[in-house]
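First the proteins, then the strands, lettered A, B, ... as listed; each starts at 1.
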2 protein chains.
Amino acid sequence: MNYANTLKNYDLKVTPQRVAIVQELYVCGHLNIDQLYNKLLEKFPSISLATIYKNMNAMIEKIFVQEVKIPNEKSVYELTKERHAHFVCECCKKIEDIHLDTDNLLTQVAQKTHYTINSTSLVFNGICSECAQQ
Amino acid sequence: MNYANTLKNYDLKVTPQRVAIVQELYVCGHLNIDQLYNKLLEKFPSISLATIYKNMNAMIEKIFVQEVKIPNEKSVYELTKERHAHFVCECCKKIEDIHLDTDNLLTQVAQKTHYTINSTSLVFNGICSECAQQ
DNA sequence: CTGACTGCAAACGTTTTGCACGGTA
DNA sequence: TACCGTGCAAAACGTTTGCAGTCAG
């Protein structure tokens with residue numbers, strides 16, 4: 001993953017702060033604003049929260065990054081990938097991507113509503129196996 | 001629907017403001033805080049936003065009301081009902097409940113993650129048939 | 001009568017904005 | 001060089017809290 005080139009592909013100027021944001025999202029998968037800010041503080045001790053917000057908004061506008069809204073939790077951000085669902089552990093707050101076959105689901109929605117579906121937001125809350133063992 | 005009795009069933013004191021909140025949610029289905037505030041202003045010209053917030057939090061705590069987080073939109077609130085999904089029209093912002101058979105989906109999640117699922121948040125974004133005609 | 005609810009004002013946390021400076025292309 | 005991004009400070013916004021007065025049970 002070449003972070004700088006990926007930014008360019010999305011029409012975003014390359015700056016060290018942006019590269020670091022992409023890198024953290026790539027490595028960590030899902031981060032909320034505070035987590036991202038704290039990670040970046042290690043590399044850029046004088047980085048501003050305003051910079052984080054401005055960059056997230058710029059990346060969201062280019063659909064390079066997407067916000068994931070989670071019940072009872074702060075929103076997290078992830079690099080745009082192929083459509084997938086999320087599992088959130090209510091205990092350790094871990095978030096995992098789940099790739100599901102949603103053809104049947106979308107067929108049901110189409111039959112019941114006759115609406116055109118453009119995107120989905122599927123979040124499953126529960127207890128992960130690590131937390132369940134304790 | 002007897003609003004006062006329903007409030008009592010959920011261990012919530014009955015006040016005119018609360019009855020009005022339940023009534024609006026029952027009639028409108030889904031409302032965000034501003035919409036609810038504006039509706040209640042008609043009946044209670046001096047009602048405070050703080051009252052709305054306090055009551056929503058009280059009702060959520062009793063699981064009488066639930067928050068629905070929607071991508072790119074403000075959260076809306078609805079009376080707790082049986083599990084269901086939501087369709088949101090990107091054009092007119094209309095929100096509709098959809099009752100889907102999710103057995104297959106939950107089976108897939110169970111097989112792929114071995115996690116215990118306690119709740120789901122399923123939101124479908126698209127264009128409703130009324131907006132599609134235009 | 002007692003405790004809970006209301007409405008107001010202030011406080012708080014989060015996100016956005018304006019501006020001077022510095023860096024990217 | 002021209003424009004865009006950064007960081008700081010202030011502003012804006014949404015939500016919560018404290019308090020005095022009022023109401024429900």
Side-chain angles (χ1 to χ4, degrees), chain A residues 2-25 31-62 64-77, chain B residues 2-25 31-62 64-77:
Chain A
N2 181 316
Y3 305 122
N5 277 340
T6 311
L7 280 165
K8 283 181 199 159
N9 290 342
Y10 280 90
D11 262 321
L12 292 159
K13 269 199 179 178
V14 177
T15 68
Q17 291 87 342
R18 284 185 176 173
V19 170
I21 289 174
V22 181
Q23 182 182 10
E24 292 299 343
L25 290 178
L31 292 170
N32 65 35
I33 291 287
D34 291 338
Q35 292 167 335
L36 198 50
Y37 179 54
N38 286 316
K39 294 263 186 193
L40 286 235
L41 271 181
E42 296 170 10
K43 288 181 188 166
F44 306 92
S46 67
I47 198 172
S48 158
L49 251 180
T51 298
I52 308 275
Y53 278 110
K54 285 171 187 168
N55 281 325
M56 294 313 285
N57 287 336
M59 292 178 183
I60 288 170
E61 194 169 348
K62 302 288 187 181
F64 177 38
V65 164
Q66 286 183 320
E67 179 184 0
V68 183
K69 292 196 177 187
I70 298 170
N72 312 315
E73 303 290 338
K74 290 186 183 176
S75 288
V76 296
Y77 300 86
Chain B
N2 182 316
Y3 305 122
N5 277 340
T6 311
L7 280 166
K8 282 181 201 159
N9 290 342
Y10 280 89
D11 262 322
L12 292 160
K13 269 199 177 177
V14 177
T15 68
Q17 291 88 339
R18 285 185 176 173
V19 170
I21 289 175
V22 181
Q23 181 182 11
E24 291 299 342
L25 289 178
L31 291 170
N32 66 35
I33 291 287
D34 291 339
Q35 292 167 335
L36 197 50
Y37 179 54
N38 286 317
K39 294 262 186 193
L40 286 237
L41 270 181
E42 296 170 10
K43 288 182 189 166
F44 305 92
S46 67
I47 198 172
S48 158
L49 251 181
T51 299
I52 308 275
Y53 278 110
K54 286 171 186 168
N55 281 325
M56 295 313 286
N57 287 336
M59 292 178 184
I60 288 170
E61 194 170 348
K62 301 287 189 183
F64 176 38
V65 164
Q66 286 183 320
E67 179 183 359
V68 183
K69 291 196 177 186
I70 298 170
N72 313 314
E73 303 289 337
K74 291 185 183 176
S75 288
V76 297
Y77 299 86

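Of the side-chain N and O atoms in A:Q17, one or more sit less than 4.0 angstrom from OP1 or OP2 of D:dG7. In this model, the phosphate group of C:dT16 is approached by a side-chain N or O of A:N57 to a distance below 4.0 Å at OP1 or OP2. Checking the phosphate oxygens (OP1, OP2) of C:dT6, no side-chain nitrogen or oxygen of B:S48 falls inside 4.0 Å.
Summarising the geometry, the separation between OH on A:Y77 and P on C:dT14 is reported as 12 Å, rounded to the nearest angstrom. Atom CE in A:M56 sits roughly 13 Å away from atom P in D:dT6 (whole-Å rounding). If you take CG of A:D11 and C1' of D:dG5, they are 16 Å apart, rounded to a whole angstrom. For the pair A:K69 NZ and C:dT14 C1', the interatomic distance rounds to 14 Å; values are reported in whole Å. As rounded to whole Å, 5 Å separates atom P of D:dG7 from atom CD1 of A:I47. The interatomic distance linking A:I52 (CD1) with D:dG7 (C1') rounds to 11 Å, in whole Å. Between the CG atom of B:L7 and the C1' atom of C:dA4 there is a distance of 14 Å, given to the nearest Å. The nearest whole Å value for the distance from the CG atom in B:L49 to the C1' atom in D:dT17 is 14 Å.
Between the CG atom of B:D11 and the CD atom of B:E61 there is a distance of 11.0 Å, given to the nearest 0.5 Å.
Contact check for A:F64 versus A:V22: side-chain heavy atoms found under the 4.5 Å cut-off. The shortest distance between side-chain heavy atoms of A:V14 and A:L7 falls below 4.5 Å. At least one side-chain heavy atom of A:Y77 sits under 4.5 Å from a side-chain heavy atom of A:M56.
Taking all atoms of both residues into account, the shortest heavy-atom contact from B:S75 to B:K69 is OG-CG, 3.7 Å. Between A:K13 and A:R18, the closest heavy-atom pair is O-NH1, 3.0 Å. Taking each heavy atom of A:L12 and A:M59 in turn, the nearest pair found is CD1-CG, 3.9 Å.
Looking at the side chain of A:S46, the nearest of the listed nucleotides C:dG7, D:dC8, C:dT6 is D:dC8.
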Output a table of nitrogen or oxygen pairs between the protein and nucleotides 19-25 of chain D separated by less than 3.5 Å.
| unit_1 | atom_1 | unit_2 | atom_2 | d |
| --- | --- | --- | --- | --- |
| D:dA24 | O3' | B:V14 | O | 3.3 |

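Of the residues in residues 31-45 of chain B, not one comes within less than 4.0 Å of DNA chain D through any heavy atom.
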Side-chain atoms of residues 37-52 of chain B: list all donor-acceptor pairs with protein atoms under 3.5 Å, sequence neighbours left out, distances to 0.1 Å.
| unit_1 | atom_1 | unit_2 | atom_2 | d |
| --- | --- | --- | --- | --- |
| B:N38 | ND2 | B:D34 | O | 3.0 |
| B:K43 | NZ | B:Q23 | OE1 | 2.8 |
| B:S48 | OG | B:A50 | N | 2.9 |

- Mind running side chain to side chain contact (heavy atoms under 4.5 Å, CB included) on A:E24 and A:L36 for me, showing each step along the way? CA-CA 7 Å; A:E24 292 299 343; A:L36 198 50; 3.9 Å; yes
